[in-house]
There are 2 protein chains.
Amino acid sequence: MTESLEHFFTNKFTCTTDEISEVVKHFKYVEASKGEVLIEDGNVCRYLYFVIKGCLKANFIDANGQETIRYVAFENQLISSIHSFINQTSSNEYITVVEPSKLLAISYTDFKLELSKSSLFKDFYIKMLEITYLNNHWRIETFLRLDAKQRYDYLLKNDKRLVQRLSNKNLSHFLGITQESLSRIKAKK
Amino acid sequence: MTESLEHFFTNKFTCTTDEISEVVKHFKYVEASKGEVLIEDGNVCRYLYFVIKGCLKANFIDANGQETIRYVAFENQLISSIHSFINQTSSNEYITVVEPSKLLAISYTDFKLELSKSSLFKDFYIKMLEITYLNNHWRIETFLRLDAKQRYDYLLKNDKRLVQRLSNKNLSHFLGITQESLSRIKAKK
DNA sequence: CAAAAACATTGACAAATGATAAATAAAATC
DNA sequence: GATTTTATTTATCATTTGTCAATGTTTTTG
């Protein structure tokens, strides 16, 4: 069950298989069905998830019930309500299951323990934050530079999975526009 | 000259003054005048800057000469073209001086050396990435949830310095709108 | 499989934002 | 301090995007 996470580690670090299994053993296998809410707005996020198979989203829902999507994780990606997880404070976003998923989850307690014990784990955390940074960077850049149609085209070119595997509704909430606008953008092509 | 960086460390970590000076000694004092370009689009970013006094921006300029601003650093904040600095690859953004500034700069060479030697420095880097994460997070959130006027009001409420110390032009480029739109938003108040 | 619910598309209209241009105002430069 | 450049505001008009409503299409569920 943990092969893909082990693979994730071997890809990103120079370390022995013993070191990897030392870290990976703290992750527990979980299955989650579509629509399941893993972390609720207002609660403290106690887990960091690695996606073996499936798809999760980090999303907000505002006072009018309007949804927006900050981040989407597919296979071999990590997801958490990072702010809440890091500081063990109340989360302002949800983590929701988009496709039936197989996951590996590590609790904050284990995470923190490993972080203080293992130098490799510290490197893992740094790598995770760096990957997250790159992701956030292009997100901000596309919002600053591009209008809705251009953002859609950007995804088509650079992250096709989002267009292919998300519903129009989810994709529009990821792009920060309405379903209707996305429908029109796709029709115009 | 290094007092404020030392203070930055003492605020964020539990460490001795010896440990701090060990890290801080790698930062070199630099002065920079308004309009100066510290890192150019297309070049590799070799420095990470800490702002003692003044203001820097991380900005893009597109093919039509249109500017957008990803991030603004005031006193006691760090700034770099992080993507480029981390991987020593070509930067897709500029770092430009907004107000005459007093800075502390660390080179990538020293940064990497410290990172491999010092556990405190690793913690410093983790903290830096976490702070950066929080900043990127609210940026993405405001782009997703809010229109231009609401984003302006958000800054007024949560980060007034940006409204007070940036020119309208810079502020509009930070908000991802035109100067004219910002003028109208301010007039409507 | 049928009914219900959720999702997707389309049209009409309103509101927000961008583009362009012109007129002041402010700042930088000599 | 006068001149030049840059920034700001205001107006007009075009375009994009949002809102609301109607309809058709899928998906879910019993």
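Proteins come first, then strands; the chains are lettered A, B, ... in the order of their sequence lines, and each starts at number 1. What you see below is based on every heavy atom in this structure, not just the backbone, and it leaves out hydrogens, waters and symmetry mates.
Protein atom CZ of F143(B) is 12 Å distant from nucleotide atom P of dT17(C), rounded to whole Å. The CZ-C1' distance, from R151(A) to dT17(C), rounds to 13 Å in whole Å.
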Could you run down the sub-3.5 Å N/O contacts of the protein with nucleotides 7-12 of chain C?
unit_1: dC7(C); atom_1: OP2; unit_2: K169(A); atom_2: NZ; d: 2.7
unit_1: dA8(C); atom_1: OP1; unit_2: N168(A); atom_2: N; d: 3.0
unit_1: dA8(C); atom_1: OP2; unit_2: K169(A); atom_2: N; d: 2.9
unit_1: dT9(C); atom_1: OP2; unit_2: N168(A); atom_2: ND2; d: 2.5
unit_1: dT9(C); atom_1: OP2; unit_2: S183(A); atom_2: OG; d: 2.8
unit_1: dT9(C); atom_1: O5'; unit_2: S183(A); atom_2: OG; d: 3.3

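Under the 6.0 Å cut-off for aromatic ring centres, F174(A) and Y71(A) do not qualify, their centroids lying 6.0 Å or more apart. Ring pair Y108(A)/Y47(A): centre-to-centre distance not below 6.0 Å.
Of the candidates K149(A), K157(A), R151(A), D153(A) forms a salt bridge (charged side-chain N to carboxylate O under 4.0 Å, His left out) with just one, namely K149(A).
G35(B) comes within contact range of no nucleotide atom at all, as no heavy-atom separation falls under 4.0 Å.
In the hydrophobic clustering, where aliphatic and aromatic side chains (Ile, Leu, Val, Met, Phe, Trp, Tyr) are joined below 4.5 Å either directly or transitively, I61(B) groups with V37(B), Y94(B).
Reading DNA chain D from its 5' end, the first and the last nucleotide to sit under 4.0 Å from a heavy atom of chain B are dA7(D) to dT10(D).
Scanning for side chain to side chain donor-acceptor pair (under 3.5 Å) contacts around D110(A) gives an empty result, with sequence neighbours left out.
Taking five base pairs at each end of the helix from dC1(C)-dG30(D) to dC30(C)-dG1(D), the local helix axes there meet at an angle of 60°, rounded to 10°.
Judged as a salt bridge (charged side-chain N to carboxylate O under 4.0 Å, His left out), the pairs with a partner in residues 84-108 of chain A (not counting sequence neighbours) are, in order, E31(A)-K102(A), R70(A)-E93(A), E99(A)-R165(A).
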For salt bridge (Lys or Arg N to Asp or Glu O under 4.0 Å), just list the numbers for D123(A) and K127(A), CA-CA rounded to whole Å, side-chain angles, deciding distance to a tenth of an Å, and then say yes or no.
-> CA-CA 6 Å; D123(A) 292 338; K127(A) 185 57 87 176; over 6 Å; no
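At least one side-chain nitrogen or oxygen of K34(B) sits closer than 4.0 Å to the OP1 or OP2 atom of dA28(C).
Note on I95(B) and F27(B): separate hydrophobic clusters, where clusters join Ile, Leu, Val, Met, Phe, Trp and Tyr whose side-chain heavy atoms are under 4.5 Å apart, directly or indirectly. Linking Ile, Leu, Val, Met, Phe, Trp and Tyr residues whenever their side-chain heavy atoms come within less than 4.5 Å leaves F60(A) and L171(A) in two separate clusters.
For the pair K12(B) and F9(B), the cation-pi test (distance below 6.0 Å, angle within 45°) is failed.
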